Amino acid sequence: MSIRHGLLALLERGPRYGSQLRTEFESRTGSTWPLNVGQVYTTLSRLERDGLVVQEGADDAGHDLYAITDDGRAELRSWFGTPVDRTSPPRDELAIKLAMAVGAPGVDIRDVIQSQRHHTLKAMQDYTRLKAQALADVPANRDEVAWLLVVEQLIFQAEAEARWLDHCEARLVRLAEAAATEPTADPGPAPTRGPARSLTGRAKARP
């Protein structure tokens, strides 16, 4: 999640202060990725250092306002126009867990899969209820539309994870069945012991 670009997108709508940016960010994403004020101000400091935002006075309550610069707008346009890189995916804890569970002593990977499947399906049901609530009334503003897009992405992600878990379980079953039916190698008849040979290949006489 690019917090810096998210803040730039909000600042393009006009100057804002830190806690206001946090509230709007969470409203736009349905609090899926909660921020704390410290994260926001740390990111704003870096954006200011890079010339992408500037401080622009204060509001009537004394809050320091930040505004996007022309370089910030150019950075934002570049972000919107550049596909998200999937060639270096972030570490996925579930994939790492299943990879490490394969062959781990005392661990039944099927139990791990079943437990995760239950959790994933529960999450998908919760997201589906949130979507139904969002669609009960036609989305009235951009924040509601943005949240609908986010919750639908979460539903699709949970569906894909559930299918992947089914695939993992099916593969494990096939591997177990193949191992159970694999014939034991026949060692064949014991070799007949012939006369010993020297390094020169000549047979040595036995007493």
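Just so you know, these numbers come straight off a predicted model, no measurement behind them.
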Rounded distance (nearest 0.5 Å) linking atom OG1 of Thr82 with atom CZ of Arg77
12.5 Å
Heavy atoms of Gly18 and Val40 approach each other most closely as O-CG1, 3.5 Å
Are any of the side-chain nitrogens in Lys97 or Asp92 under 4.0 Å away from the carboxylate oxygens of its partner?
no
Correct closest heavy-atom pair for Ser27 and Asp143 would be OG-OD2, 3.4 Å
OG on Ser45 to OH on Tyr66, rounded to 0.5 Å:
5.5 Å
When every non-hydrogen atom of Glu12 is compared with those of Ile68, the smallest separation belongs to CA-CG2, 4.0 Å
Pair His119-Met124, side-chain contact (heavy atoms from CB on, under 4.5 Å): steps then yes or no:
CA-CA 9 Å; His119 176 81; Met124 186 166 60; over 6 Å; no
Decide, yes or no, whether a salt bridge links Lys122 with Asp126 under the criterion of side-chain N to carboxylate O below 4.0 Å.
yes
Distance-minimising heavy-atom pair for Leu8 and Leu52
CD2-O, 4.0 Å
With rounding to the nearest 0.5 Å, note down the distance linking CG in Leu44 to CG in Asp64.
10.5 Å
Just do the side-chain contact (heavy atoms from CB on, under 4.5 Å) check on Glu161 and Gln116 with the steps written out, would you?
CA-CA 9 Å; Glu161 184 170 283; Gln116 184 63 44; 3.4 Å; yes
Please indicate whether Arg171 has more than 12 foreign heavy atoms, meaning atoms of other residues, nucleotides or ligands, lying under 6.0 Å from its CZ.
no
Please answer: with hydrophobic residues joined when any side-chain heavy atoms are less than 4.5 Å apart, are Leu94 and Leu172 in the same cluster?
yes
For residues Tyr17 and Asp59, determine if any side-chain heavy atom of one lies less than 4.5 Å from a side-chain heavy atom of the other.
yes
If you take all heavy atoms of Thr120 and Ala158, which pair is closest and at what distance?
CG2-O, 3.4 Å
How long is the straight-line distance from CG of Leu154 back to OH of Tyr127, given to the nearest 0.5 Å?
5.0 Å
Is it true that atom CZ of Arg73 has more than 12 heavy atoms of other residues, nucleotides or ligands lying nearer than 6.0 Å?
yes
Over 12 non-hydrogen atoms of neighbours within 6.0 angstrom of CZ in Arg129:
yes
Taken to the nearest 0.5 Å, the spacing of Leu130 CG from Gln133 CD works out to 5.5 Å
Arg16/Glu56 ion pair, N-O < 4.0 Å:
no
Side-chain contact, heavy-atom cut-off 4.5 Å: Val150 with Trp33?
yes
Any Lys/Arg nitrogen of Glu169 or Arg110 sitting under 4.0 Å from an Asp/Glu carboxylate oxygen of the other?
no
Between atom OG1 of Thr23 and atom CZ of Arg28, what is the distance when rounded to the nearest 0.5 Å?
13.0 Å
What closest approach, in Å, do Gly51 and Asp71 show between heavy atoms, and which atom pair accounts for it?
O-CB, 3.8 Å
Within a 6.0 Å radius of atom CZ on Arg86, are there more than 12 heavy atoms belonging to other residues, nucleotides or ligands?
no
Before you tell me yes or no, could you show the steps for Leu76 and Leu11 under side-chain contact (heavy atoms from CB on, under 4.5 Å), namely the whole-Å CA-CA distance, both residues' side-chain angles and the distance that decides it to 0.1 Å?
CA-CA 10 Å; Leu76 185 59; Leu11 287 172; over 6 Å; no
